[in-house]
Amino acid sequence: MDSSANCPFCHITLPPSQLQRHANSHFDEDDGVADAEKDEQLARDLELAQQLSIPPSSLTLQENNTMDEKISCLIAMQYRSSFYHVKFPGGLISLLSNCFELDADTNSTILLSGYVDHFQSLASEDIGWGCGWRNIQMLSSHLLSHRHDARELLFGGSGFVPDIPFLQRWLEIAWEKGFDALGSHHFNHSVYGSKHWIGTTECAAIFRSFGLRARIVDFGPKELQSFFLSVPGTSLTPTVMTANASDKRKAFQVYGPMDRYLVGRNSDVSQLDSIVNDKSQSTTNYMAGGSDHSMANRFPRKKEGHQVLLDWVWNYFSEESLTTSVQNRHVVITNRVPLYFQHDGHSRTIVGIQSRPQKNGVPQYNLLILDPAHRTVALERSLRENAGWKKLIKRGVHTLKKPQYQLCYIDPGIAIGEEMEQLKKIDSVFIEF
């Protein structure tokens with residue numbers, strides 16, 4: 001662990017990596033954040049200060065430690081991430097469900113995931129780079145609340161969602177175990193203490209390292225298919241690219257962080273074996289990771305444009321709805337885990353979807369999204385007052401303007417044995433816009 005340092009204002013002892021954020025908090029203006037949230041932050045800092053009294057040698061992840069020793073150290077040193085707790089039974093999801101129940105539009109059907117804590121990016125901590133980690137925290141909060149099998153495995157069975165620095169350590173542990181070897185190489189095997197942007201593959205790597213069946217789906221135009229993870233014939237071993245594939249790669253335009261990330265992966269020392277146009281082969285190779293069914297076939301293939309993404313999300317949440325609780329005739333709480341939703345420059349968490357019938361017979365969908373860029377207090381207030389929440393949470397197809405998107409979802413069950421080995425290679429299904 002980093003050497004400790006004292007806060008010049010309250011004199012508690014913290015690691016240097018946490019000191020600036022803590023010191024800045026003494027000067028943060030009250031922008032509507034409840035006193036309880038500030039108290040929780042102070043309690044976390046005090047907890048960390050107490051942890052520093054433990055001998056550093058017992059907490060430091062030494063290179064010469066065994067994997068079991070590193071994991072034991074990480075379990076001992078990690079602490080709970082602080083966040084604003086919504087003071088309402090069932091949290092934001094229950095508040096959202098209540099708003100839909102009060103909505104005059106009773107013809108619509110709303111499918112929601114269960115309980116989810118909202119983790120917002122903080123100005124003094126991770127604004128501008130931490131959205132991926134915050135979405136992992138949101139998915140983790142759901143898994144810890146709803147799945148006993150996941151609760152026993154996630155983060156050493158701690159039963160809580162760790163703060164970002166310790167999620168970064170868990171990602172490094174996943175890499176060292178062999179999950180997403182190419183992604184590990186991309187980050188030079190280290191993210192702890194950094195402000196690196198992460199995406200769906202890092203989300204999948206973390207959850208897969210605990211045995212969870214995390215999967216990735218790519219959505220994009222046909223001409224960009226060869227730059228996604230799901231390219232048929234991709235391999236983690238060095239190969240010689242075909243001239244055609246090389247030409248496509250040179251012509252690819254970089255739009256932003258997500259594109260740079262994908263280009264970095266596909267143009268690294270591990271290259272494409274070949275470009276094969278049979279989509280079914282890609283799906284088959286990917287589903288060898290342990291899924292019982294093909295997610296690529298969960299939507300109408302004749303739909304055009306970004307509508308296919310909303311069709312996929314609807315089918316994802318509706319598939320398990322028959323075994324869920326019905327809040328009323330049009331609001332259903334499903335068994336589905338929220339979705340990690342990535343696009344160029346940002347990521348969010350999809351917690352449900354609304355379907356409204358239209359005269360032409362084609363349903364109109366609205367994604368229901370929790371954004372780490374939004375303040376939890378503002379979300380709670382808008383839902384309690386049933387005013388303004390639609391602008392914060394609902395997103396229709398007209399808002400999907402990026403050229404490509406990625407989703408990470410988690411299937412039921414825990415992988416063991418050979419399936420765990422198969423999950424080490426991060427792959428995906430490609431769905432054409």
Side-chain angles (χ1 to χ4, degrees), residues 28-41 81-128 130-131 133-135 137-142 145 161 310 313 317 327-328 330-334 336 338-341 343 346-356 364-401:
D28 285 345
E29 296 181 0
D30 187 356
D31 57 354
V33 178
D35 290 339
E37 185 177 3
K38 295 180 180 179
D39 291 341
E40 289 171 0
Q41 180 64 60
S81 180
S82 66
F83 61 96
Y84 175 73
H85 292 266
V86 174
K87 305 302 189 293
F88 188 85
L92 289 177
I93 297 300
S94 289
L95 285 171
L96 180 59
S97 176
N98 290 347
C99 287
F100 275 117
E101 289 174 8
L102 296 172
D103 198 330
D105 181 14
T106 57
N107 290 324
S108 66
T109 300
I110 297 91
L111 306 179
L112 297 170
S113 65
Y115 182 91
V116 182
D117 286 317
H118 178 257
F119 287 79
Q120 71 177 63
S121 292
L122 303 175
S124 57
E125 191 167 333
D126 66 295
I127 279 185
C131 58
W133 300 107
R134 296 305 184 185
N135 290 307
Q137 289 178 322
M138 286 193 239
L139 268 62
S140 298
S141 72
H142 174 90
S145 297
V161 180
L310 281 81
V313 173
F317 279 102
Q327 299 299 303
N328 63 19
H330 71 288
V331 179
V332 179
I333 305 298
T334 76
R336 281 304 193 180
L339 297 166
Y340 184 113
F341 184 38
H343 59 80
H346 193 41
S347 61
R348 296 167 288 175
T349 296
I350 299 174
V351 297
I353 188 168
Q354 176 189 28
S355 174
R356 302 174 62 187
Q364 177 187 22
Y365 293 128
N366 288 304
L367 299 176
L368 306 176
I369 289 175
L370 293 182
D371 191 332
H374 292 156
R375 290 171 45 246
T376 313
V377 171
L379 286 169
E380 179 187 20
R381 183 186 303 118
S382 67
L383 290 168
R384 283 184 180 275
E385 298 175 357
N386 195 18
W389 62 268
K390 294 180 181 180
K391 293 182 179 179
L392 297 173
I393 294 175
K394 292 177 65 172
R395 295 292 182 269
V397 67
H398 63 283
T399 67
L400 303 180
K401 300 179 180 180

Nearest heavy atoms of [X] and [Y], plus distance in Å:
X    : Y    : result
G114 : H142 : N-CE1, 3.5 Å
S145 : S141 : OG-O, 2.9 Å
I333 : S113 : CG2-O, 3.9 Å

Rounded distance (nearest 0.5 Å) linking atom [atom1] of [X] with atom [atom2] of [Y]:
X    : Y    : atom1 : atom2 : value
I127 : S121 : CD1   : OG    : 6.0 Å
R134 : F83  : CZ    : CZ    : 11.0 Å
F341 : R348 : CZ    : CZ    : 5.5 Å
L367 : L339 : CG    : CG    : 9.0 Å
R356 : H330 : CZ    : NE2   : 10.5 Å
I393 : L95  : CD1   : CG    : 9.0 Å

With distance as the sole test, does [X] use its side chain to make a donor-acceptor pair with the main-chain N or O of [Y] at under 3.5 Å?
X    : Y    : result
S382 : G388 : no
N135 : S347 : yes
T349 : Y340 : no

- With I369 as reference, evaluate R395, H374, K394 under the side-chain contact (heavy atoms from CB on, under 4.5 Å) test and give the passing residue.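 Of the listed residues R395, H374, K394, the side-chain contact (heavy atoms from CB on, under 4.5 Å) partner of I369 is R395.
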
Side chains of [X] and [Y] in contact at under 4.5 Å (non-hydrogen atoms):
X    : Y    : value
M138 : P338 : no
F119 : D126 : no
V351 : L92  : no
H118 : V86  : no
V161 : D117 : no

- Is the shortest distance from a Lys or Arg side-chain nitrogen in D103 or K390 to a carboxylate oxygen in the other one below 4.0 Å?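 Result for this pair is yes, salt bridge flagged.
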
- Stepwise, does the side chain to side chain contact (heavy atoms under 4.5 Å, CB included) test hold for L310 with L400? CA-CA 10 Å; L310 281 81; L400 303 180; 3.1 Å; yes

- Task: Take F100 and L368 through the side chain to side chain contact (heavy atoms under 4.5 Å, CB included) test and state the conclusion after the steps.
- Result: CA-CA 12 Å; F100 275 117; L368 306 176; 3.8 Å; yes

- Could you walk me through whether Y115 and I93 pass side chain to side chain contact (heavy atoms under 4.5 Å, CB included), step by step? CA-CA 6 Å; Y115 182 91; I93 297 300; 5.7 Å; no

